[in-house]
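Labels below follow one simple rule: chain letters A, B, ... track the order of the sequence lines, proteins then strands, and each chain is numbered from 1.
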Amino acid sequence: MIFLYRPYPTASTTATGGVLYRPEIPIRVHGPLGSKLLRALVDSGSDDTILPLPIAQNIGAKIDASHRWRVEGFGGNALDAIVGEIDFELVTPAERFWWTAKVGLIEFTNSEDEFAILGHAGFLDFFIATFDGGIHAVELLPAPAFPGMRS
Amino acid sequence: MNISKLRRPPMVPIEYAGKWVAWDHDETRVVASGKTFAEAVEAAERAGEKDPVMQKVPKANVHIVGGLRP
């Protein structure tokens, strides 16, 4: 499965030249109340898969607010995450993969700060990911540890 | 990688920076947007898109770095 990065306009820097390319992939999240198709960032620098809490609430995912931990990005801006159980589905014209994973759910104070990240736990641990920065594409193959189903 | 048959997702217009957007199912055009996920979903439904592709657009001119669990 190969996914092309999405381009974003940005202020021109020596690093970007005015366009940023980000490895976002379409992924469907399922819960008892329904499903939503999202574009989420594949992030090999993230320990966890993180979704905004409202998405989990929208699909009625199982949420355990008693299990929480801190997530922190560069600069030390830490946030509380609670655990949610999400059914994921990755579909391409040729293949379909689905699995269940525990992810971090974050209730952001400001919705402008929300993000959906596919990190190691819950996603990258289950795939062999090859990032090709030259053509701005990521290839995903199921790893031996993939815990779900495919068709 | 052979990407010749793949279509690159379109660039997100900068006016949607910081918002949730709902693309049509083929991701060719933005059908709705909102400050929150719920607002964007509802706006997409009002626009007649039953299964939009939802995306949170990062704030303009912000470069993203990875998240960590200490």
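Annotation: side chain of Q55(B) is in contact with side chain of E24(A) (closest heavy-atom distance under 4.5 Å). Annotation: side chain of P58(B) is in contact with side chain of R22(A) (closest heavy-atom distance under 4.5 Å). For the pair T36(B)/E114(A), no side-chain contact is recorded, criterion being any heavy-atom separation below 4.5 Å from C-beta on.
Hydrophobic clustering keeps V91(A) apart from W23(B) (ILVMFWY residues linked when any side-chain heavy atoms are closer than 4.5 Å, directly or through intermediates). V29(A) and I63(A) fall within the same hydrophobic cluster, defined by Ile, Leu, Val, Met, Phe, Trp and Tyr side-chain heavy atoms under 4.5 Å apart, directly or through other members. In the hydrophobic clustering of this structure, M1(A) does not group with W98(A); members are Ile, Leu, Val, Met, Phe, Trp, Tyr whose side-chain heavy atoms approach within less than 4.5 Å, directly or through other members. Hydrophobic clustering (ILVMFWY, side-chain heavy atoms < 4.5 Å, transitive): V31(B) and M54(B) are in distinct clusters.
Under the rule for a ring pair (Phe, Tyr, Trp, His ring centres under 6.0 Å), the partners of H67(A) that lie at least two apart in sequence or sit in another chain are W69(A). By the ring pair (Phe, Tyr, Trp, His ring centres under 6.0 Å) test, W20(B) pairs with F37(B), sequence neighbours left out.
With respect to R6(A) and E27(B), a salt bridge is recorded, a charged nitrogen being found less than 4.0 Å from a carboxylate O. Contact check on D113(A) versus K56(B) returns no salt bridge, with no Lys/Arg side-chain nitrogen under 4.0 Å from an Asp/Glu carboxylate oxygen.
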*asked:* Let's go through H25(B) and L37(A) carefully: what are the C-alpha distance in whole Å and the side-chain angles of both, what is the deciding distance for side-chain contact (heavy atoms from CB on, under 4.5 Å) to 0.1 Å, and is it a yes or a no?
replied: CA-CA 9 Å; H25(B) 194 74; L37(A) 187 56; 3.8 Å; yes
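Residue contact with chain B, scored on non-hydrogen atoms closer than 4.5 Å, is absent for I50(A). There is no contact between P93(A) and chain B, counting heavy-atom distances below 4.5 Å. If you measure heavy-atom distances from Y21(A) to chain B, the contacts under 4.5 Å come from the side chain alone.
For residues 124-151 of chain A, a heavy-atom distance under 4.5 Å to chain B picks out T130(A), D132(A), I135(A), H136(A), A137(A), V138(A), E139(A), given by residue number. Among residues 6-16 of chain B, the residues having any heavy atom closer than 4.5 Å to a heavy atom of chain A are, in sequence order, L6(B), R7(B), R8(B), P9(B), P10(B), M11(B), V12(B), I14(B).
Between chain B and the options Y8(A), F115(A), F108(A), F3(A), heavy-atom pairs under 4.5 Å are most frequent for Y8(A). In terms of heavy-atom pairs under 4.5 Å with chain B, the best-connected choice from K36(A), E112(A), H120(A), Q57(A) is E112(A).
Counting all heavy atoms, side chain and backbone alike, L38(A) lies closest to V53(B) at C-CG1, 4.3 Å.
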